[in-house]
Amino acid sequence: MSAPFRIEARDPGSRARAGVLRTAHGDVRTPAFVPLATKATVKGLEAREVAELGYDMVLGNAFHLFLDPGHELIARFGGLHEFMRWDGPIITDSGGFQVFSMGHGGVADEIKGRSTGARHSAILAIEEEGVRFRSYLDGSVRFMAPETSMEVQAALGSDLALVFDECTPFHVDRDYTARSTERTHRWLRRCLDWHAAHGPEGQLVYGIVQGGVYEDLRAESTDAVAASGCDGIAIGGSLGGEKEQIYEVVGWTTGRLPDERPRHLLGIGDVDDLIRGVELGIDHFDCAMPTRLGRHGHALVPDPEHRWRVDLSAARWRDSREPILDGCPCPACAGGYPRGYLRYLLKGRELTGQRLVTLHNLAFLARLMADLRGAILAGTLGEVAVALRAGAAPGLNSSAAAS
RNA sequence: UCCGGGGUAGCUCAACGGCAGAGCAAUCGGCUGUUAACCGAUAGGUUGUGGGUUCGAAUCCCACCCCCGGAG
């Protein structure tokens with residue numbers, strides 16, 4: 001079949017590319033951000049609303065849907081697209097990250113290198129065959145192997161499946177990382193073999209590069225994944241304790257990947273990280289950040305000094321009649337909802353407040369990615385990236401030439 | 001006027017003779033392949049007022065001042 005990924009333009013000043021990823025349920029314009037629909041819903045939103053914000057693809061999770069409601073049930077509905085009423089492309093995560101997360105604590109601490117080590121673990125055993133763990137729902141003992149994950153993702157009918165990996169934490173030693181990465185490569189082979197025999201027609205498979213924060217291991221893993229013949233490459237694992245290290249680790253991988261295949265950066269979604277990721281040659285990203293921040297009352301705004309965030313639940317907005325962001329076309333801003341009203345809703349834990357901020361955050365990132373894509377196509381990424389980093393509002397500023 | 005209940009952090013309330021606490025609000029911090037509409041920290045007090053008993057009183061006693069019920 002023809003290559004599913006077509007690169008339309010490259011930025012001469014970086015590794016950035018703009019392209020189109022063709023899937024069984026439509027095209028994904030890249031670079032793209034992919035909102036999380038972990039449990040078959042972008043929390044708080046209808047599928048239609050997510051599409052209206054300009055998103056081509058969402059991400060579901062095999063681990064969570066395996067436990068509840070079960071992939072067999074979703075299959076009886078005709079697959080995840082039908083079940084959640086999203087008819088665009090869907091990428092499903094394999095569950096590898098959840099294994100890591102259950103065994104080593106929260107990703108936040110791990111990614112930032114803050115964790116002091118494993119807390120209570122739901123993992124009973126990580127063995128060559130697969131992972132035995134206790135379900136967080138009912139305490140029952142469950143088992144997930146690479147083949148299980150692929151079977152679940154096949155039943156879900158996602159357009160793009162991720163192989164089952166072990167996401168190596170930050171606080172394990174090099175030796176553990178090396179052995180874990182090698183096992184992830186063997187699991188990659190088993191995933192591809194299962195998929196070749198039983199995978200649904202048209203489902204793409206991405207391998208996952210591991211290797212922790214070790215350059216040689218990342219290089220080894222990058223080569224192994226690239227050589228495996230998978231349709232695309234995802235970058236996972238602990239990427240480092242601080243942003244500069246994350247960029248360095250990502251760069252090790254994108255610097256040696258064959259460039260015709262699409263690259264996904266797992267779990268990264270801060271505004272500055274997205275800009276940098278695109279420059280490093282990443283084609284799509286997923287992250288809980290915009291939706292989680294939204295539910296927690298933090299809105300994305302073009303304010304680099306404050307990490308592109310504003311806490312709308314702060315009392316100082318009590319009397320504010322301003323929108324979150326002047327000129328923003330999202331439902332919250334275009335709807336005319338003043339910060340004072342949003343603050344009131346958020347403090348009262350009203351669902352509408354969380355929904356509106358989630359909508360705003362996703363709209364913000366959609367425009368950010370559209371600006372970056374447009375700039376690559378127009379050959380102006382350098383200037384646009386500078387403007388965005390300096391606090392230009394995505395999609396609202398003439399310097400960020402929209403396509 | 002009498003009877004009863006009650007005055008403790010900004011608010012709602014615990015503690016009922018032995019270091020005055022919680023929830024919410026406030027402030028600050030955090031959230032990166034979502035078990036999270038979440039997590040953490042800080043600040044906030046002459047316990048209505050004045051006396052008394054006691055080694056020790058928010059707590060027991062007396063007086064007064066407020067508030068809420070009920071009776072008249």
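Excluded from the calculations below are hydrogen atoms, water molecules and symmetry mates; all remaining heavy atoms, backbone and side chain alike, are included. The chains referred to below are lettered A, B, ... by the order of the sequence lines, with proteins before strands, and numbering in each begins at 1.
Side-chain atoms of A:His296 stay outside donor-acceptor range of the base of B:C39, with no qualifying N/O pair under 3.5 Å. Taking only distance into account, the side chain of A:Thr291 meets the base of B:U34 through a donor-acceptor pair shorter than 3.5 Å.
If you take atom C1' in B:C16 and the same atom in B:A58, they sit 9 Å apart, rounded to whole Å. Only the P atoms considered, B:U47 is 30 Å distant from B:G40, to the nearest whole Å. Taking atom C1' in both B:G51 and B:U46, the straight-line distance is 16 Å, to the nearest Å. Comparing the C1' positions of B:A71 and B:G48 gives a spacing of 26 Å, expressed to the nearest Å. If you take atom P in B:G7 and the same atom in B:G33, they sit 49 Å apart, rounded to whole Å. Nucleotides B:G4 and B:C64 place their P atoms 14 Å apart, quoted to the nearest Å.
Contact between the side-chain N/O atoms of A:Arg316 and the OP1/OP2 oxygens of B:U27 is not found at any separation under 4.0 Å. Side-chain N/O atoms of A:Arg343 include one lying less than 4.0 angstrom from OP1 or OP2 on B:A26. An OP1 or OP2 oxygen of B:G33 is reached within less than 4.0 angstrom by no side-chain nitrogen or oxygen of A:Asn61. For B:C31, one of the phosphate oxygens OP1 or OP2 lies less than 4.0 angstrom from a side-chain nitrogen or oxygen of A:Arg307. The phosphate of B:A26 (OP1 or OP2) has a side-chain N or O of A:Lys347 nearer than 4.0 angstrom. OP1 or OP2 of B:A25 lies within a sub-4.0 Å distance of a side-chain N or O belonging to A:Arg349. In terms of phosphate contacts, A:Lys43 brings no side-chain nitrogen or oxygen within less than 4.0 Å of OP1 or OP2 of B:U35. An OP1 or OP2 oxygen of B:G33 is reached within less than 4.0 angstrom by no side-chain nitrogen or oxygen of A:Gln98.
The number of heavy atoms from other shown groups lying within 6.0 Å of CZ (A:Phe77) does not exceed 12. Heavy-atom contacts from other residues, nucleotides or ligands closer than 6.0 Å to CZ of A:Arg29 number 12 or fewer.
Using a 4.0 Å cut-off between charged side-chain N and carboxylate O, A:Asp272 and A:Arg389 make no salt bridge. Under 4.0 Å is where a charged nitrogen must lie from a carboxylate oxygen, and between A:Glu128 and A:Arg186 at least one such pair does.
Stem list for RNA chain B (at least 3 consecutive Watson-Crick or G-U pairs, distances under 3.5 Å): B:1-7 with B:65-71, B:10-13 with B:21-24, B:26-30 with B:38-42, B:48-52 with B:60-64.
Remark: aromatic rings of A:Tyr337 and A:His360 are distant, center separation not under 6.0 Å.
Distance OG/A:Ser221 to NE2/A:His185: 3.0 Å, rounded to 0.5 Å.
A cation-pi arrangement is absent between A:Arg190 and A:Trp194 under the rule of less than 6.0 angstrom and at most 45 degrees off the ring axis.
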